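These notes concern the structure reproduced below.
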Amino acid sequence: MEFVHKSVLFDEAIDALKLDGTKTIVDGTAGGGGHSKEIAKTAKRLIAVDRDPDAIKVLGERLSGFDNVTIVHDNFSNIKNILKSLNIETIDGLLLDLGVSSFQLDTAERGFSFHKDAPLDMRMSKSGLSAFDVVNNYSEQELADVIFKYGEEKFSRRIASNIVKARADKPVETTFELVDIIKASYPQKAMRDSHPARKTFQAIRIEVNGELDVLKTTLDDAFSLLASGGRIAVITFHSLEDRIVKEKFNDWSRGCTCPKEFPVCVCGNKPKGKALKSLSPSDAELEKNPRARSSRLRIFEKY
């Protein structure tokens with residue numbers, strides 16, 4: 001299957017990087033190369049990073065005509081080591097397009113989608129802990145915690161309990177087996193709001209890929225490498241990751257943290273940059289790509 005990914009907020013993300021032919025940019029989630037290819041046209045140098053081996057193959061083909069591009073098979077959380085190995089001391093921009101790609105969702109055997117029957121997998125890197133491992137080996141309490149924390153699923157305890165009951169007879173091996181368990185855990189009234197498996201699948205995917213664990217550290221590492229005037233642009237797809245990005249950008253933008261009753265500042269804290277206005281997809285984009293509905297682009301510029 002061809003690696004296709006509809007880049008969300010495409011023009012807005014490219015504009016956010018202020019490309020002018022002089023900049024070194026890291027695309028930490030290069031995927032199918034949508035953003036990367038456009039960045040490569042104007043950047044002085046592009047480091048295109050992805051953890052998915054399928055994406056790396058495609059990037060090699062789609063970016064082969066650019067001599068200013070370095071493709072790296074790694075997790076963006078290793079940005080410091082990646083740049084050190086390339087003898088790059090500072091960057092002018094970082095783009096992160098978080099979440100799961102259209103290709104990963106649409107390739108049934110990857111096990112990301114609750115609309116397609118496939119082995120439980122969900123590994124972006126195709127290695128390490130899988131969704132099968134989480135569903136079949138985590139305790140009931142651990143499952144409930146993951147589903148509630150990362151899926152914000154109010155029926156998490158009921159779902160976890162039913163998973164444990166089901167796997168007592170045989171392992172839960174496929175996406176549709178898991179979907180059936182989730183549906184059986186849902187009150188009929190709640191089934192009308194959205195697909196009952198959406199939140200649980202999101203939670204398990206985040207757990208499998210450690211998506212939130214490394215985000216704060218990655219942002220801090222990228223900030224330390226960012227040149228004055230450089231920008232970090234992050235596209236998020238759910239409230240948990242968006243909250244992390246928003247709080248981090250706000251922390252960097254904050255000046256004095258002294259209590260209001262202090263007559264003068266004693267902390268000496270000064271803003272390190274500014275968080276720019278966040279952007280959501282236009283109605284026209286949502287019409288073309290419904291998957292963009294929950295996305296948001298946040299941009300930070302360093303002083």
Side-chain angles (χ1 to χ4, degrees), residues 5-6 8 98-124 128-213 215 235-244 246 280-281 286-287 289-296:
H5 176 57
K6 297 175 182 175
V8 173
L98 302 176
V100 63
S101 72
S102 299
F103 171 80
Q104 290 164 334
L105 280 171
D106 293 337
T107 306
E109 60 267 26
R110 299 295 297 269
F112 285 100
S113 175
F114 45 79
H115 291 301
K116 302 174 189 295
D117 197 20
L120 277 172
D121 194 329
M122 303 192 195
R123 295 173 297 176
M124 291 180 180
L129 182 78
S130 71
F132 177 90
D133 298 326
V134 172
V135 169
N136 289 286
N137 296 333
Y138 277 30
S139 70
E140 182 175 331
Q141 185 63 55
E142 288 171 330
L143 280 171
D145 289 347
V146 165
I147 296 168
F148 181 76
K149 181 180 178 183
Y150 295 146
E152 298 180 296
E153 172 58 81
K154 61 183 177 182
F155 304 114
S156 59
R157 292 188 182 281
R158 193 180 301 178
I159 292 168
S161 175
N162 286 337
I163 287 173
V164 171
K165 287 174 185 173
R167 76 189 192 194
D169 294 328
K170 64 173 286 297
V172 181
E173 297 180 307
T174 70
T175 52
F176 276 8
E177 286 176 13
L178 181 56
V179 167
D180 286 343
I181 294 168
I182 296 167
K183 284 181 175 178
S185 308
Y186 250 65
Q188 199 61 39
K189 282 184 181 178
M191 298 275 276
R192 301 175 197 146
D193 300 333
S194 65
H195 196 293
R198 184 182 306 280
K199 293 179 179 179
T200 298
F201 269 61
Q202 171 185 294
I204 294 171
R205 190 201 80 221
I206 289 173
E207 175 71 9
V208 165
N209 296 289
E211 293 175 41
L212 301 184
D213 295 341
L215 185 52
I235 300 171
T236 63
F237 286 86
H238 56 77
S239 60
L240 297 173
E241 55 192 15
D242 184 59
R243 194 177 305 134
I244 289 172
K246 180 182 179 180
S280 299
L286 289 174
E287 196 171 321
N289 183 13
R291 285 178 180 166
R293 65 187 176 278
S294 60
S295 63
R296 182 176 292 273

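Given the structure is predicted, the values throughout are model-derived calculations rather than measurements. Numbers here simply count residues along the sequence, with the first being 1.
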* Between Ser130 and Asp133, a side-chain donor and acceptor under 3.5 Å -> yes
* Structure fact -> Smallest heavy-atom separation, Ile235 atom then Val8 atom, equals CD1-O, 3.4 Å
* Asked: What distance separates Arg205 CZ from Gln202 CD, expressed to the nearest 0.5 Å?
  -> 6.0 Å
* To do: Measure the spacing between CZ of Arg158 and CD1 of Ile147 and express it to the nearest 0.5 Å.
  => 13.0 Å
* Closest heavy-atom contact between Val179 and Ala197? -> CG2-CB, 4.1 Å
* Asked: Are the side chain of Thr107 and the backbone N or O of Arg110 linked by a donor-acceptor pair below 3.5 Å?
  -> no
* CD1 on Ile163 to CG on Leu178, rounded to 0.5 Å -> 5.0 Å
* To do: Can you measure from CZ (Phe176) to CG (Leu120) and round to the nearest 0.5 angstrom?
  => 11.5 Å
* Verify, without hydrogens or angle tests, whether Thr175 (side chain) and Ala118 (backbone) share a donor-acceptor contact under 3.5 angstrom. => yes
* **Between Phe112 and Phe201, ring centroids under 6.0 Å** => no
* **Residues His238, Ser294; criterion side-chain contact (heavy atoms from CB on, under 4.5 Å); working and verdict** => CA-CA 6 Å; His238 56 77; Ser294 60; 5.7 Å; no
* Asked: Please walk me through it: do Val100 and Met122 pass side-chain contact (heavy atoms from CB on, under 4.5 Å)?
  -> CA-CA 9 Å; Val100 63; Met122 303 192 195; over 6 Å; no
* Asked: Near Lys170 NZ, under 6.0 Å, is it more than 12 heavy atoms from other residues, nucleotides or ligands?
  -> yes
* **Heavy-atom donor-acceptor pair, Ser295 side chain to Phe237 backbone, under 3.5 Å** => no
* Asked: Which heavy atom in Glu140 sits nearest to a heavy atom in Val164, and how many Å separate them?
  -> CB-CG2, 3.7 Å
* **Ser156 OG to Lys199 NZ distance, which is reported to the nearest 0.5 Å** => 10.5 Å
* Hey, does Glu153 have a side-chain heavy atom less than 4.5 Å from the side chain of Ile182? -> no
* Asked: Is the CZ atom of Phe132 crowded by more than 12 outside heavy atoms at less than 6.0 Å?
  -> yes
* Hey, are the side chains of Val208 and Met124 touching, using non-hydrogen atoms and a 4.5 Å cut-off? -> no
* Structure fact -> Closest non-hydrogen atoms of Ile159 and Ile181, given as atom of the first, atom of the second and distance, are O-CG2, 4.4 Å
* Tell me, do Arg167 and Glu177 make a side-chain contact under 4.5 Å, heavy atoms counted? -> no
* Asked: Between CD of Glu241 and OH of Tyr150, what distance do you get to the nearest 0.5 Å?
  -> 12.0 Å
* Is a donor on one side and an acceptor on the other found under 3.5 Å between the side chain of Asn136 and the backbone of Pro171? -> no
* Asked: Under the 3.5 angstrom rule, does the side chain of Asp121 hit a backbone N or O of Gly111 as a donor-acceptor pair?
  -> no
* Any donor-acceptor N or O pair under 3.5 Å, side chains Tyr138, Glu207 -> yes
* Close side-chain approach of Arg293 to Pro281, heavy-atom, < 4.5 Å -> no
* Asked: Got Ile206 and Lys149 here, is their nearest side-chain heavy-atom distance under 4.5 Å?
  -> no
